[in-house]
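Beneath this line is the structure, given in structure tokens, with notes to follow.
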Amino acid sequence: MAEKSSAQKNETPHHWLMKSEPSVYGIANLSRDRHTMWEGVRNYQARNFMREMSVGDRVLFYHSNADVVGVVGVAKVRMAAKSDPTQFDARSEYFDAGAKKDDPRWSAVEVEFESKFAVAVTLDDLRGDHALASMMILRKGNRLSVTPVTAGEFAAVMKLARSVAKK
DNA sequence: GCCAACGTTGGC
DNA sequence: GCCAACGTTGGC
């Protein structure tokens with residue numbers, strides 16, 4: 001019998017944060033497409049986090065290199081990590097000549113749109129919340145595009161989203 | 001556009 | 001295995 005995934009083992013779902021540049025693929029794109037393959041991650045730590053994702057895990061969608069930098073909505077993991085096809089596509093900017101078909105180097109998950117915040121939770125908002133003091137994205141020098149978020153951090157960001165919407 | 005803080009590469 | 005050089009990320 002195949003090994004059960006963590007979701008099937010009834011573990012508490014995990015939470016994540018994924019960065020994207022809105023000029024490349026933003027929350028508006030995901031809202032329109034409804035779901036997308038998260039291709040092109042070429043960092044081993046970020047890849048390993050994606051491999052830990054289970055279907056149903058919720059994801060904070062973060063805009064980097066943007067006019068408004070911060071969390072702009074929520075996505076959900078629709079399909080667990082599988083081989084990222086772009087690593088074998090010579091025409092793709094993500095092509096990796098060193099990747100082997102029988103042992104893919106890079107993975108991708110599929111995410112689906114859940115919601116777009118009425119008002120973005122900005123980086124300043126995040127920094128101003130003590131509940132987020134140890135959030136990975138706020139650590140100096142952190143550049144990972146995929147990071148785990150604790151359940152408490154996730155809830156704190158959702159609370160911030162409600163409070164900034166009321167201002 | 002600047003630049004600090006990374007991660008990766010490759011010579012040794 | 002070390003580490004300088006290089007490329008990239010991402011806030012500002």
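So that the names make sense, note that chain A is the first sequence line, chain B the second, and so on, each numbered from 1.
- The distance from atom CZ of Arg47(A) to atom C1' of dG7(B) is 14 Å, rounded to the nearest whole Å.
- Residue Tyr62(A) has a polar side-chain atom (N or O) positioned under 4.0 Å from OP1 or OP2 of dG11(C).
- Regarding Asn43(A), its CG atom lies at a distance of 11 Å from the P atom of dT9(B), rounded to whole Å.
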- Task: Using the side-chain hydrogen bond (donor to acceptor under 3.5 Å, both in side chains) rule, take Arg58(A) and Ser115(A) through it: C-alpha gap first, then chi angles, then the decisive distance, then the call.
- Result: CA-CA 11 Å; Arg58(A) 296 171 85 200; Ser115(A) 65; 6.0 Å; no
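- Note on Asp96(A) versus Arg105(A): salt bridge recorded, some NZ/NE/NH1/NH2 to OD/OE distance being below 4.0 Å.
- Taking atom CD on Glu21(A) and atom C1' on dG10(C), their separation rounds to 8 Å, with Å as the unit.
- Of all the residues in residues 138-150 of chain A, Lys140(A), Gly141(A), Arg143(A) reach under 4.0 Å from DNA chain B with at least one non-hydrogen atom.
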- Run the numbers on Val41(A) and Asp84(A) for side-chain contact (heavy atoms from CB on, under 4.5 Å), then give the verdict. CA-CA 9 Å; Val41(A) 171; Asp84(A) 179 345; 5.9 Å; no
- Message: Working note: Phe117(A) + Val164(A), criterion side-chain contact (heavy atoms from CB on, under 4.5 Å); need CA distance, chi angles, decisive distance, verdict.
- Response: CA-CA 10 Å; Phe117(A) 293 158; Val164(A) 295; over 6 Å; no
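- Here Arg127(A) lies in heavy-atom contact (under 4.0 Å) with sugar-phosphate atoms only.
- Summarising the geometry, the separation between NE2 on His63(A) and C1' on dT9(C) is reported as 17 Å, rounded to the nearest angstrom.
- Between the CH2 atom of Trp106(A) and the P atom of dG7(B) there is a distance of 13 Å, given to the nearest Å.
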- Task: Would you sort out whether Gln87(A) and Glu39(A) count as a side-chain contact (heavy atoms from CB on, under 4.5 Å), showing the intermediate values?
- Result: CA-CA 9 Å; Gln87(A) 67 193 306; Glu39(A) 298 166 336; over 6 Å; no
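- Rounding to whole angstrom units, CG of residue Leu126(A) and P of dG10(C) are separated by 15 Å.
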- Are Tyr44(A) and Trp106(A) close enough, and set up right, to give a ring pair (Phe, Tyr, Trp, His ring centres under 6.0 Å), and what steps lead you there? CA-CA 8 Å; Tyr44(A) 288 104; Trp106(A) 304 111; 4.7 Å; yes
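- As a whole-Å value, the separation of Glu93(A) CD from dG7(C) C1' is 15 Å.
- Taking for each of Gln45(A) and Asn65(A) the nucleotide of DNA chain B with the nearest heavy atom, the 5'-most of the two is the partner of Asn65(A).
- When the C1' atom of dG7(B) is taken as reference, atom CG of Asn48(A) falls 14 Å away, rounded to whole Å.
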- Evaluate side-chain hydrogen bond (donor to acceptor under 3.5 Å, both in side chains) for Asp125(A) paired with Thr122(A), printing each intermediate quantity in order. CA-CA 5 Å; Asp125(A) 294 331; Thr122(A) 66; 3.1 Å; yes
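- Closest contact between the side chain of Leu123(A) and the listed nucleotides dG10(C), dT8(B), dC12(C) involves dC12(C).
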